[in-house]
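Read through the structure below, which is laid out as structure tokens, and then see the notes.
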Amino acid sequence: MSVNELKPIKEGKVREIYDIGDNLVMVATDRISCFDVILHNIVTKKGTVLTQMSKFWFDMTKDILPNHMLSVDVKDMPEFFRQERFDGNSMLCRKLRILPVECIVRGYITGSGWQSYQKNGTVCGIKLPSDLKESDKLPEPIYTPSTKAELGEHDENISYEQSVEYLDKFFPGKGAEYAAKLREYSLALYKKCAEYAFERGIIIADTKFEFGLDENGAIVLGDEMLTPDSSRFWPAKGYEPGHGQPSFDKQFARDWLKANPDHNWTLPEEIVRKTIDKYLQAYELLTGEKIRS
């Protein structure tokens, strides 16, 4: 196949994955998805923010475990990717055998976790203190895995014990070992990065990680990392438990969709502009740099 005909081997809600032989190129598009649906809008520069923010965190956390990133410079990729539409939003990655669990860490109680807590005082089977308010910081971050759904389907929250069984189905005899390592790595990554972000004015309320196995069977961090698409970012200034918080992520777009049920999965341009402004603001606060345009 010539470079002019490269087609993605996988298209997710936001990302496109290209197989280039020994490695992959992961492209973060300017699509935006909410509630597992791809919206009709394009959010210019969003893909660049996602890729460059992931690079920032991957560089910061390689002391905890290796990650799949090789380069974000299109000069290191096949000629096909040296087009303007790939510059800044593409990442050359190692191939991994992805572990089929989304590794969610919650440091604050919000979203579906808050809804579950209101019903029975637990989140994914984990019993929490009885006096928590919405958006409260948890005594300790909690690890709440979920299954990885196919495009168009919803991920399903599972308990830690269920994650052991689930992983064992795919990797017989390895479920307990992998589940324990995923929990350990997820919590270590979250704690280091949440502490760093808080010093720069951002609360990371929750996030999700994905991991895979390299050719030697070692666990490696994959996918994206701590972006506004995979995390809830709140401004630390003005943080006040007892209600929902303003955010630097796509919660802004989600809130508009919920408030306007006849939306037809299309955001007004003003909401699109405010959404990318939030992403850019978060990037600048965290990295101390402006995204290159």
Side-chain angles (χ1 to χ4, degrees), residues 8 10-18 24-39 41-61 67-74 76-77 81 83-94 96 98 102-105 148 151 189-190 193 196-197 200 202 204-212 221-234 247-254 267 271-293:
K10 185 179 178 190
E11 291 194 59
K13 292 186 278 285
V14 171
R15 277 175 182 68
E16 295 171 351
I17 311 290
Y18 293 81
L24 299 172
V25 174
M26 190 166 80
V27 178
T29 70
D30 289 339
R31 296 193 292 264
I32 183 168
S33 80
C34 293
F35 310 113
D36 290 327
V37 176
I38 300 168
L39 306 188
N41 305 86
I42 291 298
V43 183
T44 305
K45 281 290 164 200
K46 176 174 169 282
T48 300
V49 174
L50 298 183
T51 297
Q52 299 302 324
M53 196 176 281
S54 288
K55 178 192 184 298
F56 174 78
W57 293 118
F58 282 147
D59 284 338
M60 184 193 287
T61 57
N67 59 67
H68 70 157
M69 178 180 70
L70 296 171
S71 175
V72 295
D73 188 339
V74 290
D76 296 328
M77 303 174 202
F81 296 97
Q83 306 178 46
E84 190 179 344
R85 69 187 173 109
F86 294 118
D87 192 9
N89 65 339
S90 304
M91 185 179 288
L92 181 67
C93 303
R94 298 159 61 188
L96 302 176
I98 295 298
E102 304 237 312
C103 298
I104 298 161
V105 180
K148 276 173 61 66
L151 187 61
L189 291 166
Y190 174 82
C193 298
Y196 170 89
R200 281 150 186 80
I202 288 183
I204 302 176
D206 55 31
T207 193
K208 76 172 175 69
F209 302 109
E210 293 195 31
F211 300 87
L221 181 58
D223 197 52
E224 64 180 324
M225 182 179 184
L226 287 161
T227 70
D229 264 20
S230 65
S231 320
R232 279 191 178 87
F233 290 161
W234 298 338
S247 70
F248 287 108
D249 53 55
K250 64 182 180 182
Q251 192 59 40
F252 191 75
R254 286 191 199 106
L267 300 168
I271 300 297
V272 172
R273 197 168 56 251
K274 285 183 176 174
T275 298
I276 192 57
D277 285 348
K278 297 272 185 190
Y279 279 53
L280 291 167
Q281 193 183 356
Y283 180 84
E284 288 165 22
L285 278 171
L286 289 167
T287 67
E289 298 174 2
K290 285 194 180 294
I291 207 93
R292 62 188 178 86
S293 55

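- The six-membered or imidazole ring of Phe81 lies near that of Phe86, with a centre-to-centre distance under 6.0 Å.
- Within the model, atoms CG of Asp30 and CG of Asn41 stand 11.5 Å from one another, a figure rounded to the nearest 0.5 Å.
- For Ser230 (side chain) and Thr207 (main-chain N/O), no donor-acceptor pair under 3.5 Å exists by modelled atom type.
- For the pair Thr227/Val49, no side-chain contact is recorded, criterion being any heavy-atom separation below 4.5 Å from C-beta on.
- Rounded to the nearest 0.5 Å, atoms CD (Glu16) and CD (Glu11) are 4.5 Å apart.
- With a 4.5 Å cut-off on side-chain heavy atoms, Lys13 and Asp229 do not count as touching.
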Intermediate values then yes/no, salt bridge (charged side-chain N to carboxylate O under 4.0 Å, His left out), Asp59 and Lys55: CA-CA 6 Å; Asp59 284 338; Lys55 178 192 184 298; 2.8 Å; yes
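- Within 6.0 Å of CD in Gln83 there are more than 12 heavy atoms belonging to other residues, nucleotides or ligands.
- For the pair Leu50/Val14, a side-chain contact is recorded, criterion being any heavy-atom separation below 4.5 Å from C-beta on.
- Ring planes of Tyr196 and Phe56: tilted class, angle from 30 to 60°.
- Between Asn89 and Val27, some side-chain heavy-atom pair lies under the 4.5 Å cut-off.
- Here the straight-line distance linking atom CD of Glu289 with atom CD of Gln52 works out to 9.5 Å at 0.5 Å rounding.
- Side-chain contact between Leu226 and Met53: absent, with no pair of heavy atoms (C-beta onward) separated by less than 4.5 Å.
- At a threshold of 4.5 Å between non-hydrogen side-chain atoms, the residues Met77 and Ser90 count as touching.
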